[in-house]
Amino acid sequence: MNAKEYVRKYFIMGSQNCSRNPIHILHEALEAGITAFQYREKGAGALTGREKVELGKSLRQLCARYDIPFFMNDDVELAIKLEADGIHVGQQDTPVADIRANYPHLQIGLSISNVKELQQSPLELVDYVGVGPIFPTTTKEDAKEAVTTKWVTYVRHKHPNMAIVGIGGITTENATEVIRAGADGVAVISTITNAKDIAQTVKKL
Ligand code: 3NM
């Protein structure tokens, strides 16, 4: 699996982001050409327990049908249960070194928001880094202040060969700017979940 390729159009979503059936939304996004999917069932209104697992199974199966990598956000146990291709973690989640040691087959994505996190993270153990929020976003409740595309350029300069995906406030209008700044791809939630026409939206990203 080539991270620089699969992060190109990376769709992230949980039921709390959807005003209609999440399975239908993911189906349309897969048809439209997303290159990776992350199941992020988190925040106000998110499913828990059995319901979280059941929706995860359906979304996982759908990605398998389209041969698109399925990532689980944060929850290592559920990633294993769903036979996810990978896991995405933040700085406060399960340490990357533990995941790499216990589950060498998993792709690992790590969020990086500042220089300190960049310096302290075991980048040699991860497959890609998520950098953001690039632009202001209201989707993530505890999102930090926007880091701008300059942050993408900084990370690219320091790590020329690393797979980098920008996240946070990315739309069809500003996605090109993020790629030009040095990212291999863009990760979006609301631009796809709220899209009137998912096919057109994914094409423009
Ligand atoms: N992580 P939208 S920003 C899940 O900065 C997430 O690490 C972020 O949602 C980070 O595309 C974010 O709707 C929310 O702005 C992205």
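- The CZ atom of F11 lies 12.0 Å from the OG1 atom of T35; values are rounded to the nearest 0.5 Å.
- In this structure, N2 places its CG atom where more than 12 heavy-atom neighbours from other residues, nucleotides or ligands lie under 6.0 Å away.
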Donor-acceptor pairs are to be reported for all side-chain atoms of residues 70-89 against protein atoms at under 3.5 Å, with residues two or more places apart or in another chain.
unit_1, atom_1, unit_2, atom_2, d
N73, OD1, K42, NZ, 3.0
N73, ND2, Q38, OE1, 2.7
D74, OD2, K42, NZ, 3.4
D75, OD1, E77, N, 3.4
D75, OD1, L78, N, 3.0
D75, OD2, K52, NZ, 3.0
D85, OD2, R60, NH2, 3.2
D85, OD2, F70, N, 2.8
H88, ND1, Y128, OH, 2.7
H88, NE2, S111, OG, 2.8

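- To the nearest 0.5 Å, atoms CG (D184) and CE (M162) are separated by 10.5 Å.
- No side-chain heavy atom of K203 sits less than 4.5 Å from a side-chain heavy atom of T172.
- Summarising the local packing, CD of E124 is surrounded by more than 12 heavy atoms from other residues, nucleotides or ligands at distances under 6.0 Å.
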Which pairs of donor and acceptor atoms, one on a side chain in residues 21-34, lie under 3.5 Å apart (sequence neighbours left out)?
unit_1, atom_1, unit_2, atom_2, d
N21, OD1, I23, N, 2.9
H27, NE2, Y66, OH, 2.8
E28, OE1, R20, NH2, 3.0
E28, OE2, R20, NH1, 3.1
E31, OE2, Y66, OH, 2.6

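- Considering every non-hydrogen atom in both A187 and I170, the closest pair reads O-CD1, 4.2 Å.
- Note that CD1 of I192 and CG of N17 are 11.5 Å apart. Values are rounded to the nearest 0.5 Å.
- A 4.5 Å side-chain heavy-atom check between V126 and R100 finds every atom pair outside the cut-off.
- What you find for G166 and V178 is that their closest heavy atoms are CA-CG1, 4.1 Å.
- No salt bridge links E177 with R180; every basic N to acidic carboxylate O contact stays at or beyond 4.0 Å.
- Without hydrogens or angle criteria, E117 side chain to S113 main chain gives a donor-acceptor distance under 3.5 Å.
- Between atom CD1 of residue I134 and atom OG1 of residue T148 there is a gap of 7.5 Å, rounded to the nearest 0.5 Å.
- Among all heavy-atom pairs drawn from A36 and Y6, the shortest one is CB-O, 3.2 Å.
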**Message:** Run the side-chain contact (heavy atoms from CB on, under 4.5 Å) test on V115 and Y154 for me, step by step, so that the C-alpha distance in whole Å, both residues' side-chain angles and the decisive distance to 0.1 Å come before the verdict.
**Reply:** CA-CA 9 Å; V115 174; Y154 179 86; 4.0 Å; yes
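- Aromatic ring orientation, F37 versus Y39: parallel (interplanar angle below 30°, classes split at 30° and 60°).
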